[in-house]
Amino acid sequence: MLKQYLQFKLSQKLSPQQIQLMKLIQLPTQAFEQRIKQELEENPALEGGKEEHDNDYDSDLDNSADDYDDNETINAEDINVDEYLSDDEIPDYRTQVNNYSSDDEEKTMPYAAGTSFTQHLINQLNTYRLSDDERDIAEFLVGSVDESGYIRRSLSDITDDLAFTQNVYTDEDKVASVLRIVHQLDPAGVGARNLQECLSIQLHRKEKTANIELAIDIIDNAFDQFTKKHYKKLLQKFDITEAQLKDAISEIEHLNPKPGGSYAGNNRIVEHVVPDFAIKIVDGELELTLNGRNAPDLHVSREYSNMLKGYKDSKEKSSSQKDAVIFIKQKLDAAKWFIEAIKQRQQTLFVTMSAIMHYQKEYFLTGDERNLRPMILKDIADEISMDVSTVSRVANSKYVDTPYGTKLIKEFFSESMKNDQGEDVSTREIKKILETVIEEEDKRKPLTDEALATILKEKGYPIARRTVAKYREQLDIPVARLRKKI
């Protein structure tokens, strides 16, 4: 037996425009500028720069907009005007914002200039007397060097690639022989296949002393014990004193584990963060500004509006003219929406950051991370009556310039824990204290996670050993054994 019944379901779907707005909010300043550029290229009805104002211009726009659904002009049965217009009037397209100035400093992404890293190595190869095959192999090896200075491929793979891509038929012994030539290039250690080989190459090129000889012996014959800091085993293996081991380790610590990174001419883009906000302290009060590059001058094309007005005034209405009117309406609507979306983006960014600034007022006034209050996304979302996802989009991708440096906004968020007084404290505060305790520990006898938990408890922060371990890992601090020094 079939039963028929009604089921009511409440659901919320985001419109394409709302989704686009969320994407705009998420963009940091530089990506936002690229999005503006893209929109200007794709929509001829949208123009950049300040608009030359004409007193009759707005009225012309309104008049032309009022006539969009004029049945004498366009048959309403042929064209559904509602598909192209969000309302019957096109408002003022100019947008204003009062928290930036026109003379904001323009920042562009800089590039490193000079010879590429690969070319730098090839130039050195030109000083060696090589056969044609050796030169082909050497240049292929140099081309396989990554940005850290390593060749992270096996000799068998390289030998196969030489045959398939370069028509150079050779064997692994020949490739290994040429690789030893590459290892003679500068910076020292370039072309190594792993960290052990990189350090060994650098040590072998140094002037031989007792400390260097011992360091070479350690790297070549006891690398695993060295990396795990099994110092007692090293002392026994090489029959040396602690002072000798300490001097050898000091030599190793002064080597460069990433020789490629030391070369400044590798033509990689220099990472350049553009702050989306700036916070200053003026007369003891916090002052927030939004980067002016987030508030571009955009307006609707006068030419497109005049074209629409011209079609309205024409006496004969052809099918092609109707198609043109549809196209113009779509572009005008898109331009109008985009400008309004930018205005909403500005307001959302400013309101969100303003709430964060006031919530963390003590921190921004002092710069002391211990003054960071516990703060989660919902705290700010409730404060400004917005969705948590909106706050997340602002926090995850935006930077703020403060008197204490440029900070990623999401760094100000942290969960809370109870101290021994029952008060809520930020986990950031606990991590800062944990970091300080580890910095001040005796490196000959580093503190275990259990000992760190005991110290934090004595300071008024009763947290478990496993929580200490979690915070230590989040701070990229190794376990006690790997922090040990002689």
Distance-minimising heavy-atom pair for Cys198 and Pro257: SG-O, 4.1 Å
Show every donor-acceptor pair shorter than 3.5 Å between a side-chain atom in residues 186-196 and any protein atom, with sequence neighbours excluded, or say none if there are none.
residue: Asp186; atom: OD1; partner: Arg205; partner atom: NH2; Å: 2.5
residue: Arg193; atom: NE; partner: Glu197; partner atom: OE1; Å: 3.2
residue: Arg193; atom: NH2; partner: Glu197; partner atom: OE2; Å: 2.8
residue: Asn194; atom: OD1; partner: Gln196; partner atom: N; Å: 3.2
residue: Asn194; atom: OD1; partner: Glu197; partner atom: N; Å: 2.8
residue: Gln196; atom: NE2; partner: Ile219; partner atom: O; Å: 2.7

Pair Tyr359-Ile380, side chain to side chain contact (heavy atoms under 4.5 Å, CB included): steps then yes or no: CA-CA 8 Å; Tyr359 202 97; Ile380 301 302; 4.1 Å; yes
Test log, rule side chain to side chain contact (heavy atoms under 4.5 Å, CB included), inputs Ile438 and Leu447: CA-CA 7 Å; Ile438 292 175; Leu447 298 167; 5.9 Å; no
Would you give the length of the straight line joining atom CG of Asn396 to atom CD1 of Ile409, rounded to the nearest 0.5 angstrom? 9.5 Å
Heavy-atom side-chain proximity of Ile433 to Leu456 below 4.5 angstrom: yes
Can you tell me if Thr467 uses its side chain to pair, donor with acceptor, with the backbone of Ile463 under 3.5 Å? no
Thinking salt bridges, do Glu362 and Arg373 make one under a 4.0 Å N-O criterion? no
Quick one: closest heavy-atom pair of Ala215 and Ile252, and the distance? CB-CG1, 3.8 Å
By the side chain to side chain donor-acceptor pair (under 3.5 Å) test, which pairs, at least two apart or in different chains, include something from residues 168-179? Glu134-Lys174
Regarding Arg345 and the six-membered ring of Phe32, is the cationic atom NZ or CZ under 6.0 Å from the ring centre and inside 45° of its axis? yes
Hey, is Glu39 close enough to Arg35 for a salt bridge, meaning N to O under 4.0 Å? yes
Shortest non-hydrogen contact between Thr118 and Gly143, atoms and distance: CG2-CA, 4.5 Å
So, Thr227 side chain and Asp224 main chain: donor-acceptor pair closer than 3.5 Å or not? yes
Approximate separation, where rounding is to 0.5 Å, of Ile25 CD1 and Thr348 OG1: 4.0 Å
Under a 4.0 Å threshold between the charged nitrogen and the carboxylate oxygen, would Glu242 count as salt-bridged to Arg444? yes
Straight-line distance of Glu251 CD to Ile218 CD1, nearest 0.5 Å: 11.0 Å
Does the side chain of Val178 reach to within under 4.5 Å of the side chain of Phe140, using non-hydrogen atoms? no
To the nearest 0.5 Å, atom OH of Tyr404 lies from atom CD1 of Ile279 at 9.5 Å
Have Lys237 and Gln225 got a donor and an acceptor in their side chains that come within less than 3.5 Å? no
Distance-only polar pair, side chains of Thr29 and Asn291, donor-acceptor under 3.5 Å: no
Is it the case that Glu340 and Gln344 place a side-chain donor and acceptor less than 3.5 Å from each other? no
Do you know which two heavy atoms are closest between Ala469 and Asp449, and how far apart they sit? CB-OD2, 3.5 Å
Pairs of donor and acceptor atoms involving the side chains of residues 157-164, under 3.5 Å and at least two apart or interchain, shall be tabulated with distances.
residue: Asp157; atom: OD2; partner: Ser154; partner atom: OG; Å: 3.3
residue: Thr159; atom: OG1; partner: Leu155; partner atom: O; Å: 2.7
residue: Asp161; atom: OD2; partner: Arg153; partner atom: NH1; Å: 3.2
residue: Asp161; atom: OD2; partner: Arg153; partner atom: NH2; Å: 2.2

Is it the case that more than 12 heavy atoms not belonging to Lys206 sit under 6.0 Å from its NZ atom? no
Are a donor atom and an acceptor atom from the side chains of Ser131 and Asp133 found within less than 3.5 Å of each other? no
Can you tell if the side chain of Asp379 reaches within under 4.5 Å of the side chain of Phe413, non-hydrogen atoms only? no
Starting from the C-alpha separation in whole Å, work towards a yes-or-no answer on side chain to side chain donor-acceptor pair (under 3.5 Å) for Gln30 and Gln34. CA-CA 7 Å; Gln30 288 180 328; Gln34 291 299 316; over 6 Å; no
Leu179 vs Ile137, side chain to side chain contact (heavy atoms under 4.5 Å, CB included): CA-CA, chis, key distance, verdict: CA-CA 9 Å; Leu179 181 58; Ile137 295 171; over 6 Å; no
How about Lys233: does its NZ atom have over 12 heavy atoms from other parts shown lying under 6.0 Å from it? no
Close side-chain approach of Ser392 and Leu377, heavy atoms under 4.5 Å: yes
Strictly under 6.0 Å, is that where the ring centroids of Phe364 and Phe412 end up? yes
Quick check against the 3.5 Å criterion: does Glu473 have a side-chain atom that pairs as donor or acceptor with the backbone of Lys470? no
Considering all heavy atoms, the nearest Pro446-Ala480 contact: CG-O, 3.2 Å
Main-chain N/O of Tyr150 paired to Ser148 side chain as donor or acceptor, under 3.5 Å: no
State, with a plain yes or no, whether a side-chain heavy atom of Phe277 is found less than 4.5 Å away from one of Leu288. yes
Once you round to the nearest 0.5 Å, how far does NE2 of His358 lie from CG of Leu286? 6.5 Å
Gln124/Ile181 under side chain to side chain contact (heavy atoms under 4.5 Å, CB included): CA gap, chis, key distance, verdict: CA-CA 11 Å; Gln124 294 179 65; Ile181 296 174; over 6 Å; no
Between Lys208 (side chain only) and His204 (backbone N and O only), is there a donor and an acceptor less than 3.5 Å apart? yes
Other residues, nucleotides and ligands only: do more than 12 of their heavy atoms fall within 6.0 Å of CG on Asp239? no
When you check the gap from the basic side-chain N to the acidic O, do Glu435 and Arg472 get nearer than 4.0 Å? no
Can you tell me how far apart NZ (Lys361) and OG1 (Thr366) are? Round to the nearest 0.5 Å. 12.0 Å
Please report the shortest heavy-atom distance between Ser397 and Pro28, naming the atom on each side. O-CB, 3.3 Å
pair Arg393-Lys398: side-chain heavy atoms closer than 4.5 Å: no
Kindly say whether Asn256 contributes a backbone atom to a donor-acceptor pair with the side chain of Gln202 at under 3.5 angstrom? yes
Under a 4.5 Å cut-off applied to non-hydrogen side-chain atoms, are Asp146 and Arg152 in contact? yes
Just by distance, do the side chain of His254 and the backbone of Ser250 share a donor-acceptor pair under 3.5 Å? yes
I want to check something: taking the side chain as every heavy atom from C-beta on, are Asn126 and Arg135 in contact at a cut-off of under 4.5 Å? yes
I'd like to know if the side chain of Thr406 and the backbone of Thr402 have a donor-acceptor N/O pair within less than 3.5 Å. no
Please indicate whether Lys232 has more than 12 foreign heavy atoms, meaning atoms of other residues, nucleotides or ligands, lying under 6.0 Å from its NZ. no
